[in-house]
K.L.:
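Sharing a structure below in structure tokens format, with a few things to ask.
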Amino acid sequence: MTESIQLIKQIIKPKLKELRLSIYLLTRNTLTRISLIILLVLILIAVFAPQIAPYPTHLLLENNPTDKLMPPSSQYFFGTDELGRDIFSRILYGARLSLEASVYVVGFALVIGTILGAIAGTIGKLVDEIIMRITDLFMSFPPLLLTIAITAVLGPSLKNAQFAIILTWWPWYARLARGQAISLRERQFIKAAEAIGTPTYKIILSHIIPNCISPIIVQASMDMGTVILALAGLGFLGLGAQPPIPEWGLMISTSRNYFMNAWWYSAFPGLAILITVMTLNLLGDGLREILDPKTRKL
Amino acid sequence: MILRKQNKLRTKICIILIMIMIVTTLLSGCGGEVDSSGQAIGDVAVQAYGSTLTMEWDPAVMYSDSVAVMSNVYETLLRYNPKEDKIVPCLATEYSKTDDGLTWTFKIREGVKFHDGTDLTAEDVKYSIDRTMEIGNGAAFIWGPVEEIKVIDEYTVEMSVKYPAPMDLISASNYAAYIHSKDAAEADPEGWYMDKEAGSGPYIIESSVQGDQVVLSKFDDYWKGWEGKHFEKVVIKSILEGATRRQMFEAGELDAGGVNLEDLPIIRQNPNLSVVEVPTFVNTAAYFNTDKAPLDNKLVRQALSYAFPYEDVIEYVMNGYAEQTRGVLPANMWGYSEDIPQYTYDLDKAKELLDQAGYPDGGFKLVYTYINGPEDMKKTAELYKTELAKIGVELELRAMPWDSEWAMAKAENPEDRQDICSFRWWPDVCSPDSWLQSLYHSEDQIIFNLCYYENDDVDQFIEEGIRLSGIDRNQAAEKFVEAQKQIMEDAVVIPQYDHAGIWVLNSSVKGFEFNPAYNACVSWYDCYREE
Amino acid sequence: MAKYIIRRILVSAFVLFGLIVITFTLTRIIPTDPAAKWVGPRATAEQIAAARIKLGLDEPVFVQFGKYITDILHGDLGYSLVSHKPVTEELLQYLPATLELIIVGTFLGVIIGIPLGLYSAKNKNSWFDHICRFFSVGAVSLPSFWIALMLQLIFYGWLGWLPVGSRVSLQVGLMYDLPDITGLLLLDSLITGNMVIFKDALRHIILPAIPLAMFPIGYSARMTRSALLEILNEDYIIAARSYGLKERLILWVYAFKNSLGPTVTVLTMTVATLLVGTFLIEVIFSWPGMGRYIGNAILSFDFPAIMGVTLLTGLSYTVFNLIADILMVLDPRIRL
């Protein structure tokens, strides 16, 4: 036990150093710095949405139809929707929803994918073959199609949409982790651990996974945005979050019936998606440049 | 060096010029300057359809939105005019029934040609109906009462029925009642109707683009003739987005169709467009799952009926283009009566009833499903959710495609079904039993009685009503009213609203008449263009 | 090499088989009776039983599956439960519209994206480069359905510059017999030399194609830029420079040619993704393509149609992946 703690410490220490370096590098690039700041703001918004929102009751239960489809004004910054709810408040709450949902999706996909990929890459042979053919299978499904089919079977809800996306997403991580694991397997310290009889699961957990995590994190940061887009697409089709939940895709979908007279209703949720996804993508780009040794410059 | 720069500059200018040229040629000419090398097209009417047209042309099987096309291509024996509650002759010139209502005789019009060139005879009528019943798909059930169809002579058909059903209304139905050519059908019984048709209507299907549009052109030998002004061609086009339809109307590209309610005020101000408001037979309601607690308790259902914001829904959801349903039938349908009590929005009463039922602060959760797509159903659900929250009842909303919603309602175990299921209803046959028999008569196997309502009195009223409707419609109506009173007392359904039909027309289109008995259909033969 | 490719093809075959198994299972667990769907809502028990026999649902699942496989090999995908028509026939009618949209979208993506990437790599860290990077990240961050709505509102609703609602305008469609050689309207009208149709069809395809093009634009710009930057630092380029070769020659002939590999690989994969991505766009622009077909099929539980489309997209997806993988093997510089 103490050995493994020791081992982990040995791995973590240089990692921490690297982390500090990464943060320094991250903040060096202007674009990345800006996106980092925006992301922090978005996270704050997500956390404190109920406190910041001028009309926190307009999120789920209250509606106010006498004020429906009001243009942006000092009373309603982004105007109101078809039931007189404040779009600004709803977009703030939508930030929480989208970020939370995409963290869950990416998190689950990452954990499942990394573990399976690491197992496949480390053990190899038949296990590798089976796991990889399964990923091939899932990856050859057009992603949106499988998602639509699954939500159609399970019934529409945000949870089912998340589940369906996880199902189509994990193979990408599995592939990535497997590739890393294969190259790590040949390295001396793994060989050494094998030689002293460390059980395979321990090798996977304490050597393989910690060492293949950085490209996976880059991939994850890029995927967060894509997942938000996918969830919004499902919301748009009515297969994701259900009304009156203020999910951005759902808001845009509803706004289709009103946007000829109320441009603000479509424009602001769309901009919210654009800004969030773009921030995440820019950040992912920045992360990649730092963590990818090929493009890394000091 | 300078020379090279100039060269570069010249290339750049060239590229920019070429791009400008491409863009301007693309943007210029909005169809007006199309040269005259093509065929002349005559006067064309364009109808916008709000969903993807199912391209299905077998009149015996068709039970979908293809009807918008079919009603211009095929004809029925009779047509029904609900405004005057009158049966109008069509392919049958006259009809009679025996006093007991068990034998109906139809005189078939002479000199009617089918699109395949053959003449309409009594044989075709018998064959069409027999074929429809034999295949048994789609709306074939409307012929259920028929015992036998006999050909008396070349132009006379006799139908004997098991009970005095309103055969005049049935043979005027929008589905499964179209008469088609026997020769054509026998020549190719399986595939004939895939891409062709064999009707007697004013228009023939000229071409169709799968999922997009159908082009109809006039049938020269149509029995009513082509005197006077008519459209030579009709295009029925599916345009899914209401906003797109509005923009196309404003651009003058459409002649008839619907738009989103919210766009109507602006459409009304447009001098090139007119808005026609017509009664329809469509109504929307929410059906309680009476098999499952707590909705198996009549008091709870009554409480929930009092908690529905009827007026707000009409005002803010339907923008006034609807009325609260009285009973379960739409106001223009026979069998409707002012005597049937209506629930009103009254939260105090709702609370009181919940109290009596043993749920003083509500405290239960219900699943409410509605059809994914129509904006009004979604908004209604959201408003209702807000109201129920005030009496402590949580409503979980689920938008579903109709097939999923229906499958859920038919789930084997009542616990797996939704608590409240909302959908629209319009008649196959213009008779109250299209609502009462389908939705409220007890069923051995769940089909459309999605309240799972079983009340012997109601069953009896409905059965008696149906038996009377072929003989004495007033007496039948009384029975139907009694049935509705009991249904309202038991509160198995929240009848939400009767829809007003809104048609946007190009102002140059004249002669437009909407018949609520033929939902979504425009009789284009009667229309013409006059600037 | 050949061994790898053969193996890869075998794997693809396995994947396709798995795809069939999964779609087959999925359609069997959808909670609705296909036979009842076929005959309509109020059929009698006998009619449903008859339909069950007609659709082959009375047999054991394994027999059904075997039949399904043999039918697929004969190009028969069964009958749509909604329109009662053969699915293969319907698919063939819907496919060209979607293909045309994807081709135009990808084409736009390539002719805009690659030059953008090229110039921004060439002028690295200039303002042009920054704007370009910003734009290319923005392009992949846009919800396509939203940009579609906005484009429609601006270019059709407000400005009236470009048409929406179909593949050709009504007048043109009625005046001319639309050529039907490949089903791709732009190509067919060029073959038959009918410029009126060509121009009209081109105008109609612009608005739906732009939202689809956004992703390839952003992606190919990014790929080209990063691939080129890497190559521009390679020894042979530096050598070429020191020989005094013209900068333009170096950029186009040496660097660009070599950076094309990864870009093309990535593009083949985006094409496959677009196949499904068209769905939302087709709904918004009333484009009569496969996206709408599958959408309707799923919403109405038309399971032969669902399986048909899944199979077709899965097949093209697999084939595109296969091509991308083979390209990768052929080009030793690319590795995932």
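Since the model is a prediction, treat every value here as computed from it, not as a measurement. Just so we're on the same page: letters track the sequence lines, and every chain starts at 1.
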K.L.:
What are the two closest heavy atoms between C/S286 and B/I239, and how far apart are they?
P.N.:
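The pair with the smallest heavy-atom distance is OG-CA, 3.4 Å.
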K.L.:
Counting neighbours of CD on B/E206 that are heavy atoms of other residues, nucleotides or ligands and sit closer than 6.0 Å, is the number greater than 12?
P.N.:
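Yes, the 6.0 Å shell around CD holds more than 12 heavy atoms from other groups.
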K.L.:
Using heavy-atom distances under 4.5 Å, tell me whether C/W38 contacts chain B through its side chain, its backbone, both, or neither.
P.N.:
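It is both, since atoms from each part get that close.
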K.L.:
Flag the one option from C/L153, C/V82, C/L159 with the top tally of heavy-atom pairs under 4.5 Å to chain B.
P.N.:
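The answer is C/V82.
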K.L.:
Count the heavy atoms belonging to other residues, nucleotides or ligands that lie under 6.0 Å from CH2 of B/W402, then report whether that count exceeds 12.
P.N.:
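Yes, the 6.0 Å shell around CH2 holds more than 12 heavy atoms from other groups.
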K.L.:
Do you know which two heavy atoms are closest between C/L174 and B/K233, and how far apart they sit?
P.N.:
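It is CD2-CD, 4.3 Å.
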K.L.:
For residues C/R292 and B/L240, determine if any side-chain heavy atom of one lies less than 4.5 Å from a side-chain heavy atom of the other.
P.N.:
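Yes - at least one pair of side-chain heavy atoms lies under 4.5 Å apart.
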K.L.:
Sorted by first residue and then second, give each side chain to side chain donor-acceptor pair (under 3.5 Å) pair with at least one member in residues 183-195 of chain C; sequence neighbours left out.
P.N.:
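For residues 183-195 of chain C: C/T182-C/D188.
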K.L.:
Does the pair B/D58 and C/H84 meet the rule for a side chain to side chain contact (heavy atoms under 4.5 Å, CB included), with working shown?
P.N.:
CA-CA 10 Å; B/D58 188 339; C/H84 302 99; over 6 Å; no
K.L.:
Could you give me the CA-CA distance, side-chain angles and deciding distance for C/L170 and B/E253, then say whether side chain to side chain contact (heavy atoms under 4.5 Å, CB included) is met?
P.N.:
CA-CA 8 Å; C/L170 207 64; B/E253 292 177 48; over 6 Å; no
K.L.:
Does a sphere of radius 6.0 Å around CZ in C/F128 hold more than 12 heavy atoms from other residues, nucleotides or ligands, not counting ones at 6.0 Å or beyond?
P.N.:
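Buried by this count: over 12 neighbours within 6.0 Å.
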K.L.:
Can you measure from CD (C/Q152) to CD (B/Q247) and round to the nearest 0.5 angstrom?
P.N.:
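If we round to the nearest 0.5 Å, C/Q152:CD and B/Q247:CD are 4.5 Å apart.
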K.L.:
Given that the side chain runs from C-beta out, which part of B/Q213 has a heavy atom under 4.5 Å from chain C: side chain, backbone, both or neither?
P.N.:
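Just the side chain, heavy atoms under 4.5 Å.
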K.L.:
Can you say whether B/K237 sits under 4.5 Å from chain C via the side chain, the backbone, both, or neither, judging by heavy atoms?
P.N.:
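Just the side chain, heavy atoms under 4.5 Å.
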K.L.:
Given heavy-atom pairs under 4.5 angstrom as the criterion, report whether the side chain, backbone, both or neither of C/Y156 touches chain B.
P.N.:
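For C/Y156, heavy atoms of backbone and side chain both lie under 4.5 Å from chain B.
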K.L.:
Is chain C contacted by the side chain of B/S64, its backbone, both, or neither, given a heavy-atom distance below 4.5 Å?
P.N.:
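Interface part for B/S64: neither.
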